[in-house]
Amino acid sequence: ITLSACTSAAATPSPAPASVAPSSVAPSAPASVAPSTAASTAPAASIIPVPSGQLAFADKLVICSDIPYPPQEFFDANANPIGSDIEIGQEIAKRLGVTPVIQNSVFDTIIAAVTTGKCDIIISAQNITTSRIKQVDMIPYFQAGQSFVVAAGNPTGIKVQNDLCGKKIAAETGTTEIDYLQGSNDYKGQGLSAACQKAGLPVINVKSFGKDSDALLALQASQVDAYFADSPVAGYYTVQHPDQFALSGLTLGVALEGISVPKADTGLRDAVQQALVAMINDGTYLNILKKYGDDPGAITAAVAMSLNKTK
């Protein structure tokens, strides 16, 4: 199989590599709107208003998402963005009475994209952390653990945490996986590499990549020993490509993921939160998650109402 590395500039679409993604798309795939196929039970009259001036465009909800990160966000065969995050965003837009627009963004600069007005909200598998909620407000909408993907057969024998020591581990820049490996931000003083050092073992050789798909490509090319990602994503790749990848069996703590909204846009924040809670209560939210096998990460309406909840 011949692969090419996936490169991207901020806010431009980035297709997943053909051999490790659910579909192959052209590199010039435009940011686009894919209609939600999950059944919505929202009554036509129940539009939730957004205060004037809190959207970049009055009739649109521009959603930043770092694609690909399946099954939460990826491209279909026609270069349309799909996934559980994408459909949740589309359904929220529907309930706000506006058109959803998906803006592909690099994860490491995705908060800057929303705070500078390039998009209205972020839905992109972002763990809620203390460092992020200093910059944006985050509405809980999902929860996931963190898992390690290895080559089929687990040739490097990664089964428990200490097995990571001395290994090359790949993850996407700007993620909590990188924080956890390096002991930065919310993981200060409890990093995985530092734990190796304390145990008298070699530190982890952390390999950071600008796009998540490039981190997975590094594993496929045998350049690293494991790929570190949120559990739904890790599981998706192993199910799609069992001849190439496997879960190591090592999964770390569950974290809440949030929808990010600029702190100044409180009216938009409250409207998005209200739409999400309504989706949870009427079953639309769970239907979307079930479509992509993400239902184990479902949260309750009470959790969704807990703004900036980190655990």
Side-chain angles (χ1 to χ4, degrees), residues 11 13-16 22-23 25 29-50 54-105 110 113-114 118-126 138-142 232 236 257-261 265 268-295 297-299 301 304:
S14 172
S23 62
V25 299
S32 57
V33 179
S36 174
T37 55
S40 170
T41 56
S46 60
I47 298 300
I48 301 168
V50 177
Q54 298 219 339
L55 294 172
F57 302 95
D59 59 344
K60 296 179 175 65
L61 181 68
V62 183
I63 303 166
C64 273
S65 191
D66 178 25
I67 307 172
Y69 203 60
Q72 291 177 259
E73 41 263 337
F74 57 103
F75 290 117
D76 68 12
N78 296 315
N80 293 312
I82 59 172
S84 57
D85 281 2
I86 302 301
E87 290 203 20
I88 286 170
Q90 291 167 338
E91 180 64 25
I92 287 171
K94 177 180 178 180
R95 293 173 188 238
L96 301 185
V98 295
T99 301
V101 176
I102 307 303
Q103 183 66 60
N104 194 9
S105 306
I110 203 167
V114 79
K118 293 183 174 64
C119 51
D120 299 306
I121 64 173
I122 301 167
I123 309 182
S124 193
Q126 280 185 303
M138 301 188 76
I139 304 162
Y141 77 99
F142 190 67
Y236 180 89
E257 297 179 1
I259 299 171
S260 293
V261 187
D265 296 337
L268 172 61
R269 179 200 66 199
D270 293 347
V272 169
Q273 188 175 41
Q274 184 180 342
L276 175 64
V277 169
M279 289 167 58
I280 294 172
N281 288 336
D282 67 27
T284 305
Y285 164 81
L286 190 58
N287 286 341
I288 291 172
L289 294 184
K290 284 181 176 179
K291 177 178 176 180
Y292 293 96
D294 282 341
D295 47 303
I299 63 166

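Between Glu257 and Ala125 the shortest heavy-atom distance is OE1-CA, 3.2 Å. For the residue pair Ile67 and Pro81, the shortest heavy atom distance occurs at CD1-CB, 3.8 Å. Taking every heavy atom of both residues into account, Pro232 and Pro71 meet most closely at O-CD, 3.3 Å. In terms of heavy atoms, Leu268 sits closest to Leu96 at CD1-CD1, 4.4 Å. Minimum heavy-atom separation, Ile299 to Tyr285: N-OH, 3.1 Å. Pro100 and Ile63 make their closest contact through CB-CD1, 4.5 Å (heavy atoms, listed as atom of the first residue, atom of the second, distance).
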request  = Please lay out, stage by stage, how Thr99 and Phe57 fare under the test side chain to side chain contact (heavy atoms under 4.5 Å, CB included).
outcome  = CA-CA 10 Å; Thr99 301; Phe57 302 95; over 6 Å; no
task = I would like to know whether Ile48 and Ile92 meet side chain to side chain contact (heavy atoms under 4.5 Å, CB included); could you show each step before the answer?
result = CA-CA 9 Å; Ile48 301 168; Ile92 287 171; over 6 Å; no
message = Test side chain to side chain contact (heavy atoms under 4.5 Å, CB included) on Asn80 and Ile86; report intermediate values, then the result.
response = CA-CA 10 Å; Asn80 293 312; Ile86 302 301; over 6 Å; no
task = Please test Met279 against Ile288 for side chain to side chain contact (heavy atoms under 4.5 Å, CB included), starting from the C-alpha separation and ending with a verdict.
result = CA-CA 10 Å; Met279 289 167 58; Ile288 291 172; 4.1 Å; yes
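Between Val272 and the choices Val277, Ile123, Ile139, the side-chain contact (heavy atoms from CB on, under 4.5 Å) rule is met once, by Ile139.
Ile88 is not listed as a side-chain neighbour of Phe142, based on a closest heavy-atom distance of 4.5 Å or more.
The side chain to side chain donor-acceptor pair (under 3.5 Å) search around Ser84 returns Asp294, not counting sequence neighbours. For Ala113, the side chain to side chain contact (heavy atoms under 4.5 Å, CB included) test picks out Cys64, Lys118, Cys119, with sequence neighbours left out.
We find the CG-CG distance between Leu55 and Asp265 to be 8.0 Å, quoted to the nearest 0.5 Å.
Looking at Gln273, its side chain does come within 3.5 Å of a backbone N or O of Ala304 through a donor-acceptor pair. Of the possible polar contacts, none joining the Tyr141 side chain to the Asp85 backbone as a donor-acceptor pair under 3.5 Å is found. At distances below 3.5 Å, at least one donor-acceptor pair connects side-chain atoms of Ser105 with backbone N or O atoms of Gln103. Using a distance-only test at 3.5 Å, with no hydrogens or angles considered, no donor-acceptor pair links the side chain of Ser260 to the main chain of Ile122. Remark: the backbone N or O of Ala56 is paired with a side-chain donor or acceptor of Asp120 at under 3.5 angstrom.
With 3.5 Å as the limit, one finds no donor-acceptor pair spanning the side chains of Thr284 and Glu91.
Classified by interplanar angle (parallel below 30°, tilted 30° to 60°, perpendicular above 60°), the ring pair Tyr236/Phe74 is tilted.
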